[in-house]
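Right, one structure below, let's go through it.
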Amino acid sequence: MSAPVQRGSIARWNQTMIPTTREAPADAESPSHILLSRAGYIRKLGAGIYDYLPLAWRVIKKVSAIVREEMDAAGASELHLPVLLPIELYAGTRRDRDYGDLLFKINDRKAGTYALGPTHEEPITELVKGSVSSYKQLPINLYQIQVKFRDEARPRSGLLRGREFIMKDAYSFHMNVEGPGGLNETYDKMYQAYSNVFRRCGLSFTAVEAESGPIGGSASHEFMVNCESGEDTVLRCPASGYAANVEKCEIGARPAPSKGYFGGDPSGVMEEVHTPGCPGIEDVCTFMKVKPGNMLKSVLFKVVSSAEDLAKYGEEYILAVVRGDHDVNEGKVKAAAGVKAIALADPAEAIKKGFAIGFVSPRAAVGKPGVLLLVDREAAVGFDDAAGKAKFWVTGADKKDHHVKHFNWVRDLGTDPLAAEAHQPETHGTGGLKGGNKYMMVADVRNAVAGDPSPRSAGAKLETSRGIEVGHIFKLGTKYSEAMGLAILDDKQQKRPVIMGCYGIGVSRTMASSVEQNHDADGIIWPAAIAPFGVLITIMKHDAPEQTNLAADLAEQLAAAGVDVLIDDRDERPGVKFKDADLIGIPVRLTLGDKALAAASVEFKLRSSKDKGSLVPIAEVVAACVNAVRGNG
RNA sequence: CGGGCUGUAGCGCAGCUUGGUAGCGCGUUUGACUGGGGGUCAAAAGGUCGUGGGUUCAAAUCCCGCCAGCCCGACCA
């Protein structure tokens, strides 16, 4: 682009507030929390609530500017919605209930209840409903950058999981999914825009397939900053490039065991073992000295039925069984059972139904109408092919404080698992639910783990890594428009619910995850594009005119070239200034001292490089800075 | 919401077991020396010991309630 260079700004350390400290607050643990606190970017005001000091605010503004440029370029328009939202808005979509305690609620003087917006699907839908009346006005994509609130059960890791945070949220509206102006077109544009944003921010990231969570919808991707300290697990196939989060990740074809599902002789006589106070897999394994891979884990879900289904079929349950070293995946359970919604069964209710929670075995599902037994492939095994002998299973004894060992599916289940119905793992349907006739099914119902076969490339194995979610895009569909009555006449004069997409970027989280990804023992190392300043000029003698004058002169030239400059004009010892410089992480440091000045030079050092820096002639230093700051951005 | 734990100066902590004068380091202020990787010396300011109650002649210390915060788990953008 050949647009005129926007002038950079000049700030002096003495005139701004950068309260660096030698020690971090005791509650800071993650690198971003420690370093942003120590370097004077943020201060804690309460649990999950932070002040953004001048340096931090500059970073936020730089990230925001990149977000705005990419959003605008992709055809979105910025607006600003209220934070304070009447609770009735959320009642319409039942998210006041679905969101639960995560929704911050406050009362006004008349005891009316309001929510502090956690996202803005409802108000934006309400706005469009009253403002857009023709299909000719669609598609439209509206966004804002604003503070959001979530009453987190446990705020942690500084800015990474706060109760108040800065987010960019966008919402698009369409008449169609496919074709020009359709949801997919905008979704793809947003995917590209998000990739541009995070690339321009200098972050290493991965876009992964994801479940859409409580916001609802049909398809979604998460943008994860690659970082070992991240909270989320990312799975990827090195051969095909497929990447997904654990909730979503599919598992490639897993071959059936050589003797067929459930087939194989018992490993021994089934024996009951007293396991007091050991409801968890870990406890039992420690107590009985068995590996989790030899446990059968049984998790009971209750089907959330519609009133109609409830009247017709009664209450229904699913008992999902996976190997002890695996985790049940709710989404896959839902899909395999062919039901829309499930929830972990209430313990008290489950016990009443005859499930000894904590000590449940697959047998507990047998003979109970309305209960589907869903067995994961690696749990539906009687013969251990890897070990070449009968599979040794430990599972619950279906009574409190007892487990059994040498469980064998064929001998001990209490019914024949080899029956034809159980043998059609590919058939997804209603199973034994909703009047179906299959009491048990073998299916993929667990989370993927490293080493699982790739779903996209035969022979390849999934790998895992960690990440921090900084962006999330959803195809919402008509969930909100239907719930709130946003319908528009199309070109055939048919009134149709508007199709929506929504797209979020955690702006404050992006700042923190950059620090997580880019730091060393001495402090932050900002990518130039989002650094609060491009260049730090460190004056060795704050009262030496030849140094202060040169600093002012260089700063002026750099600003004219579009570089933001911070001048460290404090009366501090050199050691303090150097330590602080490393801490706050400005990409380029120019040191103005007697030695260099005697050679008509200044010292030029990149924060990202370990060397001591080099002398650059004064006449060339501005170009060197511009080059370093641009080359990186 | 379960389990563990912590509230003492701006920050990091000791003191509490065994009740009796409020301590240390960093930071801050003043002065001097110093001046290229958190320097030295001297002096100083700064705390209703989270909060309410109880026991006691006397509570930072013992007991009870509450509040706030942290960690692990559950949950989660």
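Letters go in sequence order (proteins before strands), and every chain restarts at 1.
- With rounding to whole Å, Arg38(A) atom CZ is found 12 Å from rC26(B) atom C1'.
- The aromatic ring of Phe165(A) stacks onto the base of rA77(B), its centre lying under 5.5 Å from the centre of the six-membered base ring with the two planes under 30° apart.
- Within the structure, the salt bridge (charged side-chain N to carboxylate O under 4.0 Å, His left out) test picks out no pair touching residues 499-508 of chain A (sequence neighbours left out).
- In the displayed structure, Lys291(A) atom NZ is contacted under 6.0 Å by at most 12 heavy atoms of other residues, nucleotides or ligands.
- Between the side chain of Arg156(A) and the base of rC70(B) there is no donor-acceptor pair of N/O atoms closer than 3.5 Å.
- Within 4.0 Å of Glu469(A), counting heavy atoms only, lie sugar-phosphate atoms of the nucleic acid but no base atom.
- Nucleotides rU29(B) and rG69(B), compared at atom P, are 31 Å apart to the nearest Å.
- Among residues two or more places apart in sequence or in another chain, the side-chain hydrogen bond (donor to acceptor under 3.5 Å, both in side chains) test is passed with Tyr191(A) by none.
- The interatomic distance linking Lys44(A) (NZ) with rC11(B) (P) rounds to 11 Å, in whole Å.
- Using P as the reference atom, rC70(B) and rU8(B) are 14 Å apart when rounded to the nearest Å.
- In this structure, Leu615(A) places its CG atom 16 Å from P of rG36(B), rounding to the nearest Å.
- The same atom, C1', is picked in rG73(B) and in rG20(B); the two are 44 Å apart, to the nearest Å.
- As a whole-Å value, the separation of Lys605(A) NZ from rG36(B) P is 18 Å.
- For Lys610(A), the salt bridge (Lys or Arg N to Asp or Glu O under 4.0 Å) partners are Asp520(A), not counting sequence neighbours.
- Searching all strands for a Watson-Crick or G-U wobble partner of rG35(B) with both distances below 3.5 Å returns nothing.
- rU55(B) makes up no base pair with any nucleotide shown, lacking Watson-Crick or G-U wobble contacts both under 3.5 Å.
- Proximity of a side-chain donor or acceptor of Lys475(A) to a complementary backbone N or O of Tyr187(A) within less than 3.5 Å is not detected.
- As the counterpart of rG73(B), rC1(B) is assigned, both hydrogen-bonding distances of the Watson-Crick or G-U wobble pattern falling under 3.5 Å.
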Polar atom pairs (N or O), protein with nucleotides 27-35 of chain B, under 3.5 Å:
residue	atom	partner	partner atom	Å
rG27(B)	OP1	Arg22(A)	NH2	3.3
rU34(B)	O2	Arg573(A)	NH1	2.5
rG35(B)	N2	Asp571(A)	OD1	3.4

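- Arg156(A) is linked by a salt bridge (Lys or Arg N to Asp or Glu O under 4.0 Å) to Glu231(A), counting only residues two or more places apart in sequence or in another chain.
- Put simply, the side chain of Thr16(A) never gets that close to the backbone of Trp13(A): no donor and acceptor are under 3.5 Å apart.
- The P atoms of rC63(B) and rU6(B) are separated by 13 Å, rounded to the nearest whole Å.
- rU21(B) and rG27(B): their C1' atoms are spaced 27 Å apart (whole Å).
- Taking Lys353(A) as the reference, nothing meets the salt bridge (Lys or Arg N to Asp or Glu O under 4.0 Å) condition, with sequence neighbours excluded.
- For the P atom pair drawn from rG23(B) and rG47(B), the interatomic distance equals 14 Å after rounding to whole Å.
- Atoms NZ (Lys595(A)) and P (rG37(B)) sit 8 Å apart, rounded to a whole Å.
- Within the 4.0 angstrom heavy-atom criterion, base atoms lie near Gly162(A).
- Among the nucleotides rG25(B), rC76(B), rG36(B), the one closest to any side-chain atom of Leu102(A) is rC76(B).
- Among the atoms of the strands shown, none is found under 4.0 Å from any heavy atom of Ala581(A).
- Looking at residues two or more places apart in sequence or on another chain, you find no salt bridge (Lys or Arg N to Asp or Glu O under 4.0 Å) involving Glu516(A).
- Residue His472(A) has its side chain nearest to rA77(B) when only rG38(B), rA74(B), rA77(B) are considered.
- Comparing Thr20(A) and Glu330(A) by the nucleotide of RNA chain B whose heavy atom lies nearest to each, the residue mapping closer to the 5' end is Thr20(A).
- Residue Arg589(A) places a side-chain atom within donor-acceptor reach of the base of rG37(B), judged by atom type and a 3.5 Å distance cut-off alone.
- Contacts of Asp569(A) classified as side-chain hydrogen bond (donor to acceptor under 3.5 Å, both in side chains), with partners at least two apart in sequence or in another chain: Asn14(A).
- Distance check on atom P: rA9(B) versus rC66(B) gives 25 Å, rounded to whole Å.
- A perpendicular orientation is assigned to the rings of Phe149(A) and Phe104(A), their planes being inclined by more than 60° (bins at 30° and 60°).
- To the nearest 0.5 Å, atom CD1 of residue Ile505(A) and atom OH of residue Tyr143(A) are 10.0 Å apart.
- Between Thr21(A) and Gly471(A), the one whose closest nucleotide on RNA chain B sits nearer the 5' end is Thr21(A).
- Within 4.0 Å (heavy atoms only), Gly593(A) reaches at least one base atom of the nucleic acid.
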Would you list the atom pairs, donor with acceptor, under 3.5 Å between side chains in residues 591-598 of chain A and any protein atom, with sequence neighbours excluded?
residue	atom	partner	partner atom	Å
Thr591(A)	OG1	Arg589(A)	NE	3.3
Asp594(A)	OD1	Gln547(A)	NE2	3.3
Asp594(A)	OD2	Lys541(A)	NZ	2.9

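- Within the 4.0 Å cut-off from OP1 or OP2 of rG69(B), not a single side-chain nitrogen or oxygen of Arg154(A) is found.
- Put simply, the side chain of Asp594(A) and the base of rG36(B) share no donor and acceptor less than 3.5 Å apart.
- Here, rG7(B) and rC49(B) have their P atoms 15 Å apart, quoted to the whole Å.
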Nucleotide N/O to protein N/O under 3.5 Å, stretch nucleotides 14-16 of chain B:
none

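- Note: Ile60(A) CD1 to Ser508(A) OG = 5.5 Å, rounded to the nearest 0.5 Å.
- Atom-to-atom, CG of Leu583(A) to C1' of rC11(B) comes out at 14 Å; the value is rounded to the nearest Å.
- Aromatic ring orientation, Phe355(A) versus Tyr317(A): tilted (interplanar angle from 30° to 60°).
- Rounded to whole angstrom, the span from the CD atom of Glu231(A) across to the P atom of rC75(B) amounts to 13 Å.
- Leu590(A) places its CG atom 16 Å from the C1' atom of rG36(B), with the value rounded to the nearest Å.
- Contacts of Ala47(A) with the nucleic acid, taken as non-hydrogen atoms under 4.0 Å apart, involve only primed sugar atoms and P, OP1 or OP2.
- The aromatic rings of Phe198(A) and Tyr194(A) lie perpendicular to each other, with more than 60° between the two planes, well past the 30° mark.
- Within residues 25-35 of chain A, the residues that place at least one heavy atom under 4.0 Å from RNA chain B are, in residue-number order, Pro25(A), Ala26(A), Asp27(A), Glu29(A).
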Considering only nitrogen or oxygen atoms on both sides, find all protein atoms under 3.5 Å from nucleotides 41-45 of chain B and state each distance.
none

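- For the residue pair Ser204(A) and Asn226(A), a side-chain donor N or O sits within less than 3.5 Å of a side-chain acceptor on the partner.
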